[in-house]
Number of protein chains: 2
Amino acid sequence: MVLIMLQLKDLPTPDVLAKFAIRYPDADVTAVSSVLQLLRVATDLSIALDACLSKHGLLQGRWWVLILLMREDDKTSQPSILADKAGVTRATMTGLLDGLEQSGLIARVFAKEDRRTVLINLTDAGVKKLDSVMPDYYRRIRRCMQGLDEEQRQQLQKILALINLGIPALT
Amino acid sequence: MVLIMLQLKDLPTPDVLAKFAIRYPDADVTAVSSVLQLLRVATDLSIALDACLSKHGLLQGRWWVLILLMREDDKTSQPSILADKAGVTRATMTGLLDGLEQSGLIARVFAKEDRRTVLINLTDAGVKKLDSVMPDYYRRIRRCMQGLDEEQRQQLQKILALINLGIPALT
DNA sequence: TTGACTTAGTTAGCTAGCTAACTATAATGG
DNA sequence: CCATTATAGTTAGCTAGCTAACTAAGTCAA
């Protein structure tokens with residue numbers, strides 16, 4: 001997964017927003033500030049999680065591939081399926097798998113029935129790597145979210161679902 | 001601003017999360033799913049906004065620089081200040097300004113009092129460009145957020161502020 | 001006043017995404 | 001049953017971030 005946006009260190013103050021709202025009357029001030037804050041917090045979260053992964057020698061893209069493989073009962077999948085699930089192109093997946101194969105965390109096996117397809121297998125080393133990363137990762141998420149009670153988490157998910165509904169209106 | 005993360009097309013279903021929670025008892029299921037959904041929605045939002053900007057021939061980084069300049073009363077700033085406000089390195093800002101200068105949207109002027117500093121000025125063409133982009137951008141944000149009433153927007157901002165407080169605990 | 005340090009900006013080279021073009025294999029239909 | 005089309009994966013080259021190293025200019029203190 002890869003979200004691209006500026007870090008927005010300098011969110012507009014209410015008076016800056018008001019000034020822009022005068023010049024551009026279409027501006028919905030609370031909508032804009034909500035969206036910007038959402039992007040800002042998500043960016044900071046993503047950067048912090050990246051830092052956690054890099055301590056374990058992983059990058060977000062590669063780590064996500066390991067998780068997708070771990071979800072499979074036989075710890076096996078295919079590049080095209082992994083690309084769809086991770087939301088990257090097949091070309092990008094080729095690169096991610098190259099890195100993981102070099103580190104010995106996955107193995108490429110050619111399929112017998114269809115010689116076009118490659119089976120991607122999570123190796124024992126890959127399982128071991130995830131087993132060392134995930135507890136740390138989950139502990140950090142827990143600590144980060146401990147200020148929110150169960151009701152607030154549900155509110156957040158509901159609100160995010162509403163925003164998600166509105167995203168098609170953007171394009 | 002640039003947020004980096006996978007697209008997470010395939011968020012874990014509750015039963016996948018539960019399976020992982022058994023293997024990794026530190027997992028806080030509602031915390032993890034909230035964080036992942038937050039990253040997912042923010043990613044989709046960011047991609048949709050990028051698409052909007054690219055229709056106007058802009059990229060997010062460059063557009064953000066124009067906005068920062070528009071906020072200044074004299075429509076002028078410096079590369080280092082812009083870099084800090086945008087949350088990018090000075091090297092990155094050099095590249096962004098190169099592109100904007102080539103398009104004629106900003107101009108570099110050497111300062112007289114300190115010959116190290118370069119003054120960045122938003123040109124008339126830059127103002128015109130923003131005046132054509134911002135109304136469209138604001139209209140889209142409005143439409144995207146129209147499903148949320150004022151109370152929900154406040155709830156969102158409050159919850160995001162709480163998460164933001166927890167982010168230092170991640171590192 | 002000159003040598004060491006600081007600051008502003010740029011350049012060079014790295015990364016991990018992307019698209020487009022390619023090879024190899026399989027499926028299909030006239 | 002062979003020509004066309006579709007599918008799986010890879011390669012090549014682009015982009016916009018990054019870090020590290022650099023130049024040029026200003027500051028400060030012995």
Side-chain angles (χ1 to χ4, degrees), chain A residues 1-9 43 46-47 49-51 53-54 57-65 76-103 106-121, chain B residues 1-9 43-44 46-47 49-51 53-54 57-65 76-103 106-120:
Chain A
M1 56 163 167
V2 179
L3 187 160
I4 313 272
M5 69 192 219
L6 282 185
Q7 276 200 47
L8 286 170
K9 284 291 175 207
T43 303
S46 178
I47 291 171
L49 292 175
D50 275 354
L53 293 178
S54 80
L58 276 178
L59 300 168
Q60 215 173 20
R62 294 181 186 176
W63 166 75
W64 193 245
V65 172
T76 298
S77 188
Q78 294 175 28
S80 49
I81 294 173
L82 291 171
D84 287 346
K85 289 187 175 176
V88 298
T89 62
R90 293 178 181 191
T92 298
M93 186 53 64
T94 296
L96 293 174
L97 294 173
D98 284 348
L100 288 167
E101 190 178 31
Q102 275 201 328
S103 320
I106 61 121
R108 279 184 168 99
V109 184
F110 287 87
K112 288 167 191 166
E113 54 301 356
D114 183 341
R115 303 204 312 175
R116 290 171 303 182
T117 71
V118 175
L119 297 177
I120 304 298
N121 184 249
Chain B
M1 59 166 165
V2 179
L3 188 160
I4 313 271
M5 69 191 218
L6 281 187
Q7 276 201 49
L8 287 169
K9 285 290 173 207
T43 303
D44 289 349
S46 178
I47 290 171
L49 291 175
D50 275 353
L53 293 178
S54 80
L58 276 178
L59 299 169
Q60 215 173 21
R62 295 181 185 177
W63 166 76
W64 193 243
V65 172
T76 299
S77 188
Q78 294 174 29
S80 49
I81 294 173
L82 292 170
D84 286 346
K85 289 187 174 173
V88 300
T89 62
R90 294 178 180 189
T92 298
M93 186 52 64
T94 295
L96 294 174
L97 294 173
D98 285 348
L100 288 167
E101 191 179 31
Q102 275 202 327
S103 320
I106 62 123
R108 280 184 168 100
V109 184
F110 286 87
K112 288 167 191 167
E113 54 300 355
D114 183 340
R115 305 205 309 175
R116 290 171 305 181
T117 72
V118 176
L119 296 177
I120 304 299

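In what follows, chains are A, B, ... by sequence order, proteins preceding strands, each numbered from 1.
Between the CE atom of M93(A) and the C1' atom of dA16(C) there is a distance of 12 Å, given to the nearest Å. Atom CD1 in I81(A) sits roughly 14 Å away from atom P in dT7(D) (whole-Å rounding). Straight-line distance from the CD atom of E101(A) to the C1' atom of dG9(D): 13 Å, rounded to whole Å. As rounded to whole Å, 9 Å separates atom P of dG17(D) from atom CD of Q60(B). As a whole-Å value, the separation of L82(B) CG from dA8(C) P is 13 Å. Atom-to-atom, CG of D50(A) to C1' of dA16(C) comes out at 11 Å; the value is rounded to the nearest Å. Rounded to a whole Å, the CG atom of L58(B) is 15 Å from the C1' atom of dA16(D). Atom-to-atom, CZ of F110(A) to P of dA24(C) comes out at 13 Å; the value is rounded to the nearest Å.
No side-chain heavy atom of Q60(B) sits less than 4.5 Å from a side-chain heavy atom of S54(B). Side-chain contact between Q78(A) and L119(A) is present, with heavy atoms from C-beta onward closer than 4.5 Å. Side-chain contact check for T89(A) versus T92(A): some heavy-atom pair is nearer than 4.5 Å. Here the side chains of M93(A) and V65(A) are in contact, with some heavy-atom distance below 4.5 Å.
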I120(B)/L97(B) under side-chain contact (heavy atoms from CB on, under 4.5 Å): CA gap, chis, key distance, verdict:
CA-CA 8 Å; I120(B) 304 299; L97(B) 294 173; 3.8 Å; yes
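Distance from the side chain of R90(B) is smallest to dA8(C) among dA8(C), dG17(C), dA16(D). Listed nucleotides: dA16(C), dA16(D), dG9(D). Nearest to the side chain of L59(A): dA16(C). Comparing dG17(C), dA12(D), dG9(C) by their closest approach to the side chain of L96(A) singles out dG17(C).
Considering only residues two or more places apart in sequence or on other chains, R108(B) meets the salt bridge (charged side-chain N to carboxylate O under 4.0 Å, His left out) condition with D98(B), E101(B).
Distances shorter than 4.0 Å separate some side-chain N or O of T89(A) from OP1 or OP2 on dC18(C).
With rounding to the nearest 0.5 angstrom, the CH2 atom of W64(A) is 11.0 Å from the CG atom of L53(A).
Annotation: proximity of residues 113-121 of chain A to DNA chain C (heavy atom, distance under 4.0 Å) is found for E113(A), D114(A), R115(A), R116(A), numbered in ascending order.
S80(B) comes within 4.0 angstrom of sugar-phosphate atoms only, judged by non-hydrogen atoms across all strands, and of no base.
Taking for each of K112(A) and D98(B) the nucleotide of DNA chain C with the nearest heavy atom, the 5'-most of the two is the partner of D98(B).
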